[in-house]
Undergrad: 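What follows is a structure written as structure tokens; I'll ask about it next.
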Amino acid sequence: MAELLYGEDPEPSERFPAGPLYVPVRPGPLGHAARLFRTPLGDRTAVGFTSERALTATLGTDQPWIRLAEPALRAMTAPLGAATVTVDPQLTAPAPTSGKRAVHRSTWDPQAVGALRVTGTVAPVSAPSHQIG
């Protein structure tokens, strides 16, 4: 049996999205910063979505975003410890709220165990600014 080359593989082992990703960001004093999340095992990961609809369905309509290519997102977040880029995650846990946090075992949802969690780490994103005049 002949071994298939990567280009001939009908189902490649790694899926790369075509085109730029919709990357969740948060505003900062010097522009925008890419948000990092945590995997169910606690590792940092950058997140990108293949469509605006997927981003808003997962993170809500109030989530700001920018378009970035996957290699650019990976290069920006790797120095911060985010070795992976998660594309189109389906589940997320809500961000922690300020104030006292009570843990009730009766309200724990075992379905939420595999959810991504938001971290406080950011990757600065610079965007070209256009000046008029």
Side-chain angles (χ1 to χ4, degrees):
M1 182 169 153
E3 185 176 328
L4 291 175
L5 297 175
Y6 185 78
E8 298 173 350
D9 189 355
E11 295 183 26
S13 58
E14 292 189 36
R15 183 183 84 164
F16 289 100
L21 296 170
Y22 293 82
V23 178
V25 296
R26 67 179 188 168
L30 299 174
H32 288 90
R35 291 180 59 189
L36 295 182
F37 295 80
R38 292 210 179 258
T39 66
L41 298 177
D43 297 326
R44 286 185 179 156
T45 184
V47 173
F49 295 86
T50 54
S51 70
E52 183 180 356
R53 179 184 291 180
L55 183 139
T56 58
T58 304
L59 298 175
T61 57
D62 293 333
Q63 174 61 56
W65 53 267
I66 61 169
R67 302 280 313 260
L68 280 178
E70 183 270 335
L73 178 59
R74 187 178 300 278
M76 283 182 4
T77 57
L80 300 173
T84 60
V85 174
T86 303
V87 177
D88 288 331
Q90 299 299 310
L91 301 172
T92 60
T97 58
S98 61
K100 293 184 178 182
R101 192 169 99 183
V103 177
H104 301 284
R105 292 195 186 269
S106 62
T107 60
W108 181 72
D109 182 8
Q111 299 279 333
V113 171
L116 292 173
R117 293 176 294 172
V118 177
T119 67
T121 307
V122 296
V125 176
S126 64
S129 61
H130 300 284
Q131 296 181 351
I132 299 175

Undergrad: So, the side chain of Gln63 versus the backbone of Arg26: is there a donor-acceptor pair under 3.5 Å, distance only?
TA: no

Undergrad: With sequence neighbours left out, which residue pairs that include part of residues 57-84 fulfil the ring-ring contact (aromatic ring centres under 6.0 Å, His included) condition?
TA: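 Counting only pairs at least two positions apart or across chains, the ring-ring contact (aromatic ring centres under 6.0 Å, His included) contacts touching residues 57-84 are Tyr22-Trp65.
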
Undergrad: Using modelled atom types only, decide if a donor and an acceptor are shared between the side chain of Asp88 and the backbone of Ala54 within a distance under 3.5 Å.
TA: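 Judged by distance alone, no pair lies under 3.5 Å.
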
Undergrad: Quick check against the 3.5 Å criterion: does Thr58 have a side-chain atom that pairs as donor or acceptor with the backbone of Leu55?
TA: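 Flag not set: sc Thr58 to bb Leu55 has no pair under 3.5 Å.
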
Undergrad: For Glu52, enumerate each residue passing the side-chain hydrogen bond (donor to acceptor under 3.5 Å, both in side chains) test, keeping only those at least two apart in sequence or located in another chain.
TA: none

Undergrad: In Å, rounded to the nearest 0.5 Å, how long is the span from CZ of Arg44 to CZ of Arg38?
TA: 5.0 Å

Undergrad: So does Thr45 get a backbone contact from the side chain of Thr84, meaning a donor-acceptor N/O pair under 3.5 Å?
TA: no

Undergrad: Rounded to the nearest 0.5 Å, what's the gap from CD on Glu70 to CG on Leu68? Could you check?
TA: 10.5 Å

Undergrad: Does some side-chain heavy atom of Phe37 sit less than 4.5 Å from a side-chain heavy atom of Pro89?
TA: no

Undergrad: Which pair of heavy atoms, one from Met76 and one from Ala34, lies closest together, and at what distance?
TA: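 Heavy atoms of Met76 and Ala34 come nearest at CE-CB, 4.2 Å.
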
Undergrad: Report the residues that fulfil side chain to side chain contact (heavy atoms under 4.5 Å, CB included) with Ala46, sequence neighbours left out, ordered by chain and then residue number.
TA: Leu36, Leu73, Thr77, Val85

Undergrad: Among Thr86, Leu59, Val23, exactly one meets side-chain contact (heavy atoms from CB on, under 4.5 Å) together with Phe49. Which residue is that?
TA: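 Looking at Thr86, Leu59, Val23, the match for Phe49 under the side-chain contact (heavy atoms from CB on, under 4.5 Å) is Leu59.
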
